[in-house]
Amino acid sequence: MASHPPIDKSSVRFLLLENIHPNAVEVLHENGYRNIVQHPKSLAEDALIEALAEVDFLGIRSQTQVTERVLRNAPRLTAVGCFCIGVNQVDLDTAAELGLPVFNAPFSNTRSVAELVVAETVMLMRGIFPKNAAAHRGTWIKSAAGSYEVRGKTLGIVGYGNIGKQVGILAEHLGMRVIFHDVEAKLPLGNARQVATLDLLLSEADVVTLHVPETDQTRNLFDAPRLASMRAGSHLINASRGTVVDIDALADALQSGHVAGAALDVFPVEPKGNDDRFASPLARFDNVILTPHIGGSTAEAQANIGIEVTDKLVRYCDNGSTLTAVNFPEVTLPEHPGVCRLLHVHRNVPGVLAAINERFSARGINISGQYLQTRGPLGYCVMDIDAAASSVALEELQAVPGTIRCRLLTHG
Ligand code: NAI
């Protein structure tokens, strides 16, 4: 069981790896945190353990592997911020078991993806890429054949979530008709229209763009029969997850001309890094736009990520809020002026809240605010109490069976 002394901002240490955007340090400074160590690269396991010895908050991007061994050997670690979208580089279950919330930035690059998709829609409808490739090879194809405006054409969005909605709004501004299919009923934005089935969408759309998550239902969602259901001469864009499209089936549909062009940003198997070779059966088609999973990779997205994740770490440190934590009960908390706040992470077993309340009541500690949330095996209880009772309350909390860790926030 871990417990932590009250926050003294000067003693809170941040370790930021992998060249995290300077916005992160700026936000920390603005919030009074100055004890920040930065490193341009990721650290291997042993080096990371050594570097974490005195660290409260760790910031990483996608390269640093935060393994079970790292987490179990980081005695002061309080939370991990992934300054990216993916979080599979962190052992989330062990982090939860140790009471450590992990945060990421799932929406910082939404707009970047949407802009690319809209640009690709125009490029595909105009047949620009084959003409561009030919020009690079010295061939001049000055022709209007197979070249269309997007105005008045139908964009079919599969998955009307954060990105799908933004794509819809931008496409409408270009004069497109927008239809979408989603497994859930969604409030349409603008003049977009939800259609009941995917096949209905495919029968109407000139361009189909995929914005679904990777699930059992979306794996190979676009297989040979589905591709055959698309309108002859329509286009496909996938900037969601590589497993959603059967690449060999798409290659066949392109070969036959049934699909007139495609843009893919994601692939079932992607190179591990820029030194690895990329190979795809789609590489031989000039009418296919291939991009190396950079739909969300822009300066603006990186800057947003720097702010979004740091804000979450600061809110957890200052206030205890865990909204959008990926492995932890989510609690949004009000400010706590003039009172002392206790954060109690416990195993989600019956009787913990009763035990806390009994112990506080026996010691005459008045609880002015109490918030509880659970998620799987974890419970997270936050209590606001009179500052004078803080050390007794902390002692009592530590003695509650099922306690994983507790922390005291004094300022508010
Ligand atoms: P989101 O969770 O906001 O939206 C996903 C939508 O898909 C939801 O409305 C959901 O109900 C719907 N959906 C789920 N299963 C479906 C199915 N079988 N058929 C139809 N609809 C279904 O996700 P968000 O943020 O819009 O991201 C969408 C995808 O884009 C994700 O796969 C994400 O990993 C990917 N992405 C790719 C990036 C890139 O660089 N290319 C960057 C960011 C996200």
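What you are looking at is a predicted structure, and each value in this text was computed from that prediction instead of being measured.
- With 3.5 Å as the limit, one finds no donor-acceptor pair spanning the side chains of Q38 and N19.
- Judged by distance alone, the side chain of R193 and the main-chain N or O of V178 form no donor-acceptor pair under 3.5 Å.
- With a 4.5 Å cut-off on side-chain heavy atoms, V90 and N88 do not count as touching.
- Other residues, nucleotides and ligands contribute over 12 non-hydrogen atoms within 6.0 Å of the CG atom of D276.
- Contact check on E97 versus R347 returns no salt bridge, with no Lys/Arg side-chain nitrogen under 4.0 Å from an Asp/Glu carboxylate oxygen.
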Going through the checks in order, is the side chain to side chain contact (heavy atoms under 4.5 Å, CB included) test met by L250 and Q255?
CA-CA 8 Å; L250 178 59; Q255 186 66 46; over 6 Å; no
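- In this structure a side-chain-to-backbone donor-acceptor pair under 3.5 Å is present from R61 to E18.
- For the residue pair Q89/T64, the side-chain donor-acceptor check at 3.5 Å is not satisfied.
- Of the possible polar contacts, one joining the D265 side chain to the G295 backbone as a donor-acceptor pair under 3.5 Å is found.
- Using a 4.5 Å heavy-atom threshold, the side chains of C82 and V309 count as separate.
- Around the CZ atom of R126, the shell of radius 6.0 Å holds no more than 12 heavy atoms that belong to other residues, nucleotides or ligands.
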One pair to check against side-chain hydrogen bond (donor to acceptor under 3.5 Å, both in side chains): T110 and Q166. What are the steps and the verdict?
CA-CA 8 Å; T110 299; Q166 290 259 346; over 6 Å; no
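- With no hydrogens or angles considered, a side-chain donor-acceptor pair links S108 and E308 at under 3.5 Å.
- When all heavy atoms of G190 and E172 are compared, the pair lying nearest together is CA-OE1, 3.5 Å.
- Of the possible polar contacts, none joining the S321 side chain to the Y316 backbone as a donor-acceptor pair under 3.5 Å is found.
- The two atoms that bring L408 and L342 nearest to each other are CD1-CD2, 3.4 Å, heavy atoms only.
- Donor-acceptor pairing under 3.5 Å is lacking for the side chains of T291 and H293.
- Under the 4.0 Å criterion applied to side-chain N and carboxylate O atoms, D182 and K165 are not assigned as salt-bridge partners.
- N35 is not listed as a side-chain neighbour of V12, based on a closest heavy-atom distance of 4.5 Å or more.
- Under the 3.5 Å distance criterion, the side-chain polar atoms of Y380 are left unmatched by any main-chain donor or acceptor of Y371.
- Once rounded to the nearest 0.5 Å, the distance linking CG of L236 with CG of L254 reads 8.5 Å.
- With respect to D91 and R72, no salt bridge is recorded, no charged nitrogen being found less than 4.0 Å from a carboxylate O.
- At a cut-off of 3.5 Å, with distance as the only test, a side-chain donor of T154 or R177 sits close to an acceptor on the other residue.
- Looking at K312, its side chain never comes within 3.5 Å of a backbone N or O of A325 through a donor-acceptor pair.
- Taking the side chain as every heavy atom from C-beta outward, N238 and V266 approach each other to under 4.5 Å.
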Residues Q370, V382; criterion side chain to side chain contact (heavy atoms under 4.5 Å, CB included); working and verdict
CA-CA 6 Å; Q370 191 171 42; V382 179; over 6 Å; no
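- Looking only at side-chain heavy atoms (C-beta outward), I237 and T121 come within less than 4.5 Å of each other.
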Candidate pair I163 and F107, rule side chain to side chain contact (heavy atoms under 4.5 Å, CB included), full reasoning:
CA-CA 9 Å; I163 296 174; F107 309 125; over 6 Å; no
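- By the 30° and 60° cut-offs, the orientation of the rings of Y160 relative to F180 is parallel.
- Contact detail for A251 and R284: the closest heavy-atom pair is CB-NH2, 4.1 Å.
- The shortest side-chain heavy-atom distance between V27 and D311 falls under the 4.5 Å cut-off.
- Side-chain atoms of T78 come within 3.5 Å of backbone N or O of R76 as a donor-acceptor pair.
- Here the CG atom belonging to L378 is positioned 7.5 Å from the CG atom belonging to N327, to the nearest 0.5 angstrom.
- The backbone N or O of V331 sits less than 3.5 Å from a side-chain atom of T322, completing a donor-acceptor pair.
- The neighbour count for E30 CD, taken as heavy atoms of other residues, nucleotides or ligands under 6.0 Å away, is above 12.
- Going from atom CD of E26 over to atom OG1 of T310 covers 10.0 Å, rounded to the nearest 0.5 Å.
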List the steps and the verdict of side-chain hydrogen bond (donor to acceptor under 3.5 Å, both in side chains) for E300 and N109.
CA-CA 8 Å; E300 288 80 1; N109 59 9; over 6 Å; no
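- Looking at M230, H181, R226, E204 one by one, the single match for side-chain contact (heavy atoms from CB on, under 4.5 Å) with D199 turns out to be R226.
- The closest donor-acceptor contact from the side chain of T403 to the backbone of R405 lies at 3.5 Å or more, if one exists at all.
- Annotation: side chain of C381 is in contact with side chain of L353 (closest heavy-atom distance under 4.5 Å).
- For R13 and Y33, the positive end is not near the middle of the six-membered ring at less than 6.0 Å and at most 45° from its axis.
- Pairing each heavy atom of F83 with each of G59, the nearest pair is CE1-CA, 3.7 Å.
- Listed for the S390 side chain is a donor-acceptor partner under 3.5 Å among the backbone atoms of A387.
- For R363 and E396, the salt-bridge test passes: some basic side-chain N is under 4.0 Å from an acidic carboxylate O.
- Nearest approach of L58 to V66, heavy atoms of both residues: CD2-CG2, 4.0 Å.
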With side chain to side chain contact (heavy atoms under 4.5 Å, CB included) as the criterion, how do D56 and L77 come out once you've worked through the C-alpha distance, each side chain's angles and the decisive distance to 0.1 Å?
CA-CA 4 Å; D56 303 274; L77 194 61; over 6 Å; no
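- In this structure, I305 CD1 and N23 CG are separated by 11.0 Å, a value rounded to the nearest 0.5 Å.
- Using a 4.0 Å cut-off between a side-chain N of Lys or Arg and a carboxylate O of Asp or Glu, R315 and D318 do not qualify as a salt bridge.
- Less than 6.0 angstrom separates the ring centroid of F267 from the ring centroid of F278.
- Expressed to the nearest 0.5 Å, how far CD of Q398 lies from CG of L394 amounts to 4.5 Å.
- If you take CG on N348 and CZ on R375, they are separated by 12.5 Å, rounding to the nearest 0.5 Å.
- Within the 4.5 Å cutoff, no side-chain heavy atoms of I385 are placed close to those of H336.
- Taking each heavy atom of V212 and S240 in turn, the nearest pair found is O-CB, 3.3 Å.
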